[in-house]
Enquirer: 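Mind having a look at this structure? Questions to follow.
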Amino acid sequence: MKKTLITACALFLTSAATFAQLSTNPDKFLGNITTSYNNDVDTHGFIFSDYWNQITPENCTKWDAIEPSRGNFTFGNADKSANYAEKHNFPFKYHTLIWGGQYPGWMDNLSIPEQYNAIVEYFDAVKEHYPDLEIVDVVNEAINEPNAVHAPAPYRAALGGEGRTGYDWIIKAFELAHERWPNTILIYNDYNTFQYNTDQYIRLVQALRDAGAPVDAYGCQSHDLGGVDRSTFEAAMAKLQNALKMPMYITEYDIGDSNDSNQKWNYMQHFPVMWEADYCAGVTIWGWIYGNTWTTDGNSGLIRDGKERSALKWLREYMQTEPAETAKSPYPEFKKEASIYVHPAAMKVAKKDVLPIKVRATMATKTIEKIDLYVGDELVATMTEEPYIAEYEVGSSTGTKTVKAVVTTTDGSTYERLARFNVANGSKREPYGETVPVLPGVVQAEEYDKGMSGVSYNKVLRDNFTTTSLKDGAWMEYTVDVAEDGFYIMEAEVASKKSDGLLHLSEYGFDDLTFFTNFTEVPNTGSTTEFKTMRCPLIKPLSAGRHILCLNIDKGGFYVKSMNFKLATTFDVPGTVEAEDYFNGNADIVQTADGYALGNVTADTWAEYLVDVTQAGKYSYEATVSSAVDGSKFSIVLIESDGTEKSLATVTVPNTGSNDTYQVKSGKIRNTIPEGQQRLRVKVTAGNCNIDKLKLICTETGIDEVTRDDMAAGASYNLAGQQVDAGYKGIIIRNGKKIINR
């Protein structure tokens, strides 16, 4: 259990006075940041923990500082703050994962699919280094409306762009963070929303909340508040909370003023309002040493020339008052007990429709007894078992409806979370035809679900679907029945007279916004009437059953005729892998005398194959290849079911005289291959070559062979644990060892 520390008094190097930590409230922290770009904690002769009991790195946890070059992660400076917080037993906040500022410049040189991969790699690296973060600013300054103070992340298309909700990219960032830190307080953070873009900020956070995104709190940076009186500030605080009904953090409070009296006046106006609000979980001041803050001349600092300024002296006195010491917080002891996210299946629905609503709810230390779900004042359901899903029969009245989940735990505690949906006049969603398309199978692009704009489609019209190119941000949803679990490949028929179109396939599930394909560039087919097939492997398996798949048009200007969903080929190993039947990759396919092959593949070309290894052991390979140059090479890597990668071999391709002349190159696999469903990756590392097929031959199973006479020598069992006699053929177990009788 983490509690606020009251540190021993420290003797300042520059003063004879001694001080105790400012906040004694066990539930609200009063934090600060590292000093300037030096990442200093104790600084200028003063001890950080003698004042503050929470720390946020000002710059060294921003992406450009963590990953200055691709794949080169540096946490040394961030660790100064993290280790300091751990030593002093108070919260460390990671600021920030996704932001339009201070991201690495190399991101601008990547394609959108590569940008997404880089984001995932960054999140994974932070998770590996900091597995138990307490508080994270997941997304920072993302308002994308006229007159926004800052521009949102320019790489937001890589996270899905606007998508169906208008804020898909932010929702996806929170889902990625929640996957890695399910018990962490996840914050959306923005600039001084008490004065600037207040309505836009409310719309954004409401949209995240209403879409069921795992956002736990909203952060208000609180810069530029100089001159705002108490009543004005109270009204701004109330407006935000009345609209959002969520925990708040004051994340970056500072008053830049060289006049001590002015700074003190502002602290007196604002700070009690912030601190005493029971929905405010903590306050982080943005700098404390004069001359070493980001404001003009660093004039927001609270210590100048080795002495406390008037605002800090007043703050110390205020923090010793009863209202400050007993102020309530939504996160007692700085911890999140309840993670509750309410997710209506749609944010817009037709009247008299049926709307499924799911509550995602988990507790850190308590046990859920029940969840009461309300729409307005109507109790829709009382749920006691997961999944917490109820169906609401929408009435005939239109407008915005408020959903409330009340979670009651076995100790009698209650926790609430709100969401909203909009009821509109229009047709209810239903599949396009009487028969729902079955996958594997073909889906015609213009046969998206019936219903209203904003419910089953956006920015498209069926009447002119084939005569008007798809627009940026358009999307169409398709109800399908998946007949068989597995990885699929979507082959889309597209036409375009340019090559910068972009699409991806997704599904807006209750528990995640799932990207089923990478962001795939639409090729230039020569004209808007010349259709060609583009290959979009699904990067996650589809489960059998009904799905509503969404075709997202990230950048338009092209046409789509149909989508053919095929089960990806799974190759048995030992056996032969046909190179052209790859599941995922970027290789071109060419025709050969007797079929197809990967053609003219160069460095950084890769292809992945689904394989089912039926016999574990040591292997050799026979690769049928060709090349018109010397020095071509490719690597073979095995990706096991848990994601572990094993290097199997590097194949040097001989110069066969031309790419149309094939030879068989053989060699040994350097690692044993285990049984089970896995992936095989082929990646070209040098030169230019064609790859036709790859035969994998098991050379040693690691299982001893026995004769019938040996079988009779002792008790033997099959792999099901049943005793077998000497006539049994196949793998048996004797004395705990696998052997084989042929």
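Model, not experiment: these values are computed from the prediction. Position 1 is the first residue of the sequence, and the numbers go up from there.
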Enquirer: Sub-3.5 Å donor-acceptor pair from the side chain of Asp50 to the main-chain atoms of Phe46, do we have one?
Expert: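 Not at all, since once roles are kept as given, no pair shorter than 3.5 Å links the two residues.
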Enquirer: Around atom CG of Asp511, are there more than 12 heavy atoms of other residues, nucleotides or ligands at under 6.0 Å?
Expert: yes
Enquirer: Please enumerate all residues that pass side chain to side chain donor-acceptor pair (under 3.5 Å) together with Thr362, with sequence neighbours excluded.
Expert: none
Enquirer: Quick one: salt bridge (Lys or Arg N to Asp or Glu O under 4.0 Å) pairs with a partner in residues 254-268, sequence neighbours left out?
Expert: Asp260-Arg304, Asp260-Arg309
Enquirer: Going by side-chain contact (heavy atoms from CB on, under 4.5 Å), name the residues that satisfy it together with Lys239, two or more places apart in sequence or in a different chain.
Expert: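 For Lys239, the residues satisfying side-chain contact (heavy atoms from CB on, under 4.5 Å) (neighbours in sequence not counted) are Thr198, Asp199, Ile202.
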Enquirer: Does anything in residues 218-228 form a salt bridge (Lys or Arg N to Asp or Glu O under 4.0 Å)? List the pairs, not counting sequence neighbours.
Expert: none
Enquirer: For Ala390, which residues count as a side-chain contact (heavy atoms from CB on, under 4.5 Å) partner, sequence neighbours excluded?
Expert: Leu373, Val380, Ala381, Met383
Enquirer: Write out all pairs satisfying salt bridge (Lys or Arg N to Asp or Glu O under 4.0 Å) with one or both partners inside residues 156-171, taking only residues at least two apart or from two chains.
Expert: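 Sorted result for residues 156-171: Arg164-Glu477.
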Enquirer: Can you sort out the partners of Arg209 under salt bridge (charged side-chain N to carboxylate O under 4.0 Å, His left out), two or more places apart, ordered by chain and number?
Expert: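 Arg209: no salt bridge (charged side-chain N to carboxylate O under 4.0 Å, His left out) contacts found.
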Enquirer: For Asp411, which residues count as a side-chain contact (heavy atoms from CB on, under 4.5 Å) partner, sequence neighbours excluded?
Expert: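 Asp411 satisfies side-chain contact (heavy atoms from CB on, under 4.5 Å) with Lys366, Thr409, Ser413 once adjacent residues are dropped.
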Enquirer: Any donor-acceptor pair under 3.5 Å linking the side-chain atoms of Glu416 with those of Thr414?
Expert: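 Distance-only check fails for Thr414 and Glu416.
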Enquirer: For Glu322, enumerate each residue passing the side chain to side chain donor-acceptor pair (under 3.5 Å) test, keeping only those at least two apart in sequence or located in another chain.
Expert: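 Glu322 satisfies side chain to side chain donor-acceptor pair (under 3.5 Å) with Thr326 only.
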Enquirer: Could you pull out all residues at least two apart from Thr296 that satisfy side-chain contact (heavy atoms from CB on, under 4.5 Å)?
Expert: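 Partners of Thr296 by the side-chain contact (heavy atoms from CB on, under 4.5 Å) criterion, ordered by chain and then number, come out as Asn299.
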Enquirer: Considering residues at least two apart in sequence or located in another chain, which fulfil the salt bridge (charged side-chain N to carboxylate O under 4.0 Å, His left out) criterion with Glu175?
Expert: Arg360
Enquirer: Side chains of Tyr51 and Glu308: donor-acceptor distance under 3.5 Å anywhere?
Expert: yes
Enquirer: Show which side-chain atoms of residues 244-253 pair as donor or acceptor with protein atoms under 3.5 Å away, not counting sequence neighbours.
Expert:
residue : atom : partner : partner atom : Å
Thr251  : OG1  : Asn189  : OD1          : 2.7
Thr251  : OG1  : Cys220  : O            : 3.3
Thr251  : OG1  : Gln221  : N            : 3.4
Glu252  : OE1  : His223  : NE2          : 2.8
Glu252  : OE2  : Asn189  : ND2          : 3.1
Tyr253  : OH   : His270  : ND1          : 2.9

